[in-house]
Amino acid sequence: EHISYLVKTLERMGVSALVIEDKIGLKRNSLFANQTGVKQDSIKNFCKKLKKAKESKISDDLFIIARIESFILNKGIGDAIKRADAYSRAGADAILIHSKEKKPNQIFDFSRKFSKSKFFRPLVAVPSTYSKTYEKELIKNNFKIVIYANHFLRAIHPAIVNVAKTILINERSFEAEKKISSINDVINLI
């Protein structure tokens, strides 16, 4: 019941793309090994959400991406293809097929099969676990968008640890100044 308001609000804020995940309940990171208790929405219900999101758009500029979690939940390629077809018919502009495999074989197999569908849509990849895969390989396999979902956050963590250690060792922040942005840089960003 909130999707219409959410879509309109995000679009007014300047958001250009929205990824809607087909898992339900409390958000649990898909890369966690234990997915016990995690549930995937029914195809029928998720399609209703996609249709509502599509109807709620203020303009044609908002790109709606349906994220399929079938591989994360060990439901296999048949389930993923069935969902991709249905989500495309329901109005998804693109399909994000998620996988936590170390190699891209699973998503490439999905791409080969889904590309034969009359409901084929552009594909989105999130190569957090198959990070050795070059973008040109993804492009060759029908992926049009690559999301580096957590790399910038992961880059921040070592920097914070280094600055904290420098402050603890020197009992002041002066020595950390050469490792961080200046106050003026931050003020200018704001």
Side-chain angles (χ1 to χ4, degrees), residues 2-3 5-41 49 53 61-75 93-108 110 122-139 141 143-190:
H2 301 289
I3 202 156
Y5 173 77
L6 176 67
V7 167
K8 288 176 182 168
T9 301
L10 291 174
E11 198 169 2
R12 277 193 296 270
M13 292 172 64
V15 170
S16 57
L18 174 63
V19 177
I20 306 173
E21 182 175 326
D22 67 358
K23 287 194 299 193
I24 54 174
L26 294 176
K27 172 65 179 147
R28 183 181 190 123
N29 190 300
S30 298
L31 301 180
F32 288 167
N34 183 357
Q35 294 292 322
T36 305
V38 176
K39 293 186 176 27
Q40 199 171 19
D41 206 348
K49 291 175 187 175
D61 295 337
L62 183 68
F63 200 66
I64 297 175
I65 302 167
R67 174 172 157 167
I68 299 175
E69 294 286 299
S70 298
F71 291 147
I72 301 299
L73 300 173
N74 298 313
K75 291 189 174 180
D93 297 306
I95 300 293
L96 189 163
I97 184 66
H98 204 20
S99 174
K100 59 182 173 183
E101 296 295 315
K102 300 277 186 233
K103 294 182 178 179
N105 303 1
Q106 191 176 52
I107 64 163
F108 289 172
F110 171 87
L123 296 175
V124 180
V126 183
S128 298
T129 56
Y130 47 96
S131 61
K132 290 182 179 178
T133 307
Y134 288 99
E135 289 176 3
K136 65 183 173 190
E137 294 175 73
L138 293 165
I139 291 166
N141 284 277
F143 287 86
K144 303 294 184 199
I145 299 172
V146 180
I147 299 173
Y148 295 99
N150 53 33
H151 293 79
F152 298 118
L153 179 62
R154 288 164 48 200
I156 294 167
H157 181 257
I160 291 171
V161 170
N162 283 334
V163 168
K165 284 180 181 176
T166 299
I167 291 170
L168 285 171
I169 290 166
N170 294 290
E171 298 180 352
R172 64 182 188 171
S173 63
F174 176 77
E175 288 76 10
E177 296 290 323
K178 58 186 169 240
K179 297 179 181 180
I180 60 177
S181 299
S182 72
I183 292 172
N184 285 337
D185 287 345
V186 173
I187 289 170
N188 288 334
L189 267 176
I190 296 169

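Across all their heavy atoms, Ser181 and Val186 have their closest contact at CB-CG2, 4.3 Å. Heavy atoms only, all atoms of each residue included: Lys179 and Thr166 are closest at NZ-OG1, 2.8 Å. Between Glu137 and Phe108, the shortest heavy-atom contact is O-CZ, 3.8 Å. Scanning both residues, Leu62 and Val15, for their nearest heavy atoms gives CD1-O, 3.5 Å. For the residue pair Ile65 and Ile95, the shortest heavy atom distance occurs at CG2-C, 4.4 Å. Here the closest non-hydrogen pair linking Thr129 and Ser99 is OG1-O, 3.6 Å.
Looking at Asp22, its side chain never comes within 3.5 Å of a backbone N or O of Ala66 through a donor-acceptor pair.
For the pair Pro122 and Ile145, the minimum side-chain heavy-atom distance is 4.5 Å or more. The closest side-chain heavy-atom distance from Ile3 to Ile20 is below 4.5 Å. You'll find the side chain of Leu189 stays beyond 4.5 Å of the side chain of Asp185, heavy atoms only. The shortest distance between side-chain heavy atoms of Ile72 and Glu21 does not fall below 4.5 Å.
Glu175 has a carboxylate O that lies under 4.0 Å from a charged side-chain N of Arg172, or vice versa, which qualifies the two as a salt bridge.
Put simply, CG on Asn170 and NZ on Lys165 are 13.5 Å apart, with the number rounded to the nearest 0.5 Å. In this structure, the separation between CG on Leu18 and CD1 on Ile64 is 6.0 Å, given to the nearest 0.5 Å. Taking NZ of Lys103 as the start and NZ of Lys132 as the end, the distance is 8.5 Å to the nearest 0.5 Å.
The local environment of CG in Leu168 is crowded, with over 12 non-hydrogen atoms from other residues, nucleotides or ligands closer than 6.0 Å.
Within the structure, every pair that satisfies the ring-ring contact (aromatic ring centres under 6.0 Å, His included) test and touches residues 143-173, not counting sequence neighbours, is listed here: Tyr148-His151.
Looking at Lys75, Gln40, His98 one by one, the single match for side-chain hydrogen bond (donor to acceptor under 3.5 Å, both in side chains) with Ser70 turns out to be Gln40.
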- Task: Walk me through it: do Glu101 and Ile107 pass the test side-chain contact (heavy atoms from CB on, under 4.5 Å)?
- Result: CA-CA 9 Å; Glu101 296 295 315; Ile107 64 163; over 6 Å; no
- Go through Leu96 and Ile147 one step at a time and tell me if the side-chain contact (heavy atoms from CB on, under 4.5 Å) criterion holds. CA-CA 10 Å; Leu96 189 163; Ile147 299 173; 4.1 Å; yes
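Legend: residues meeting ring pair (Phe, Tyr, Trp, His ring centres under 6.0 Å) with Phe110, ordered by chain and number and at least two apart, are Phe114.
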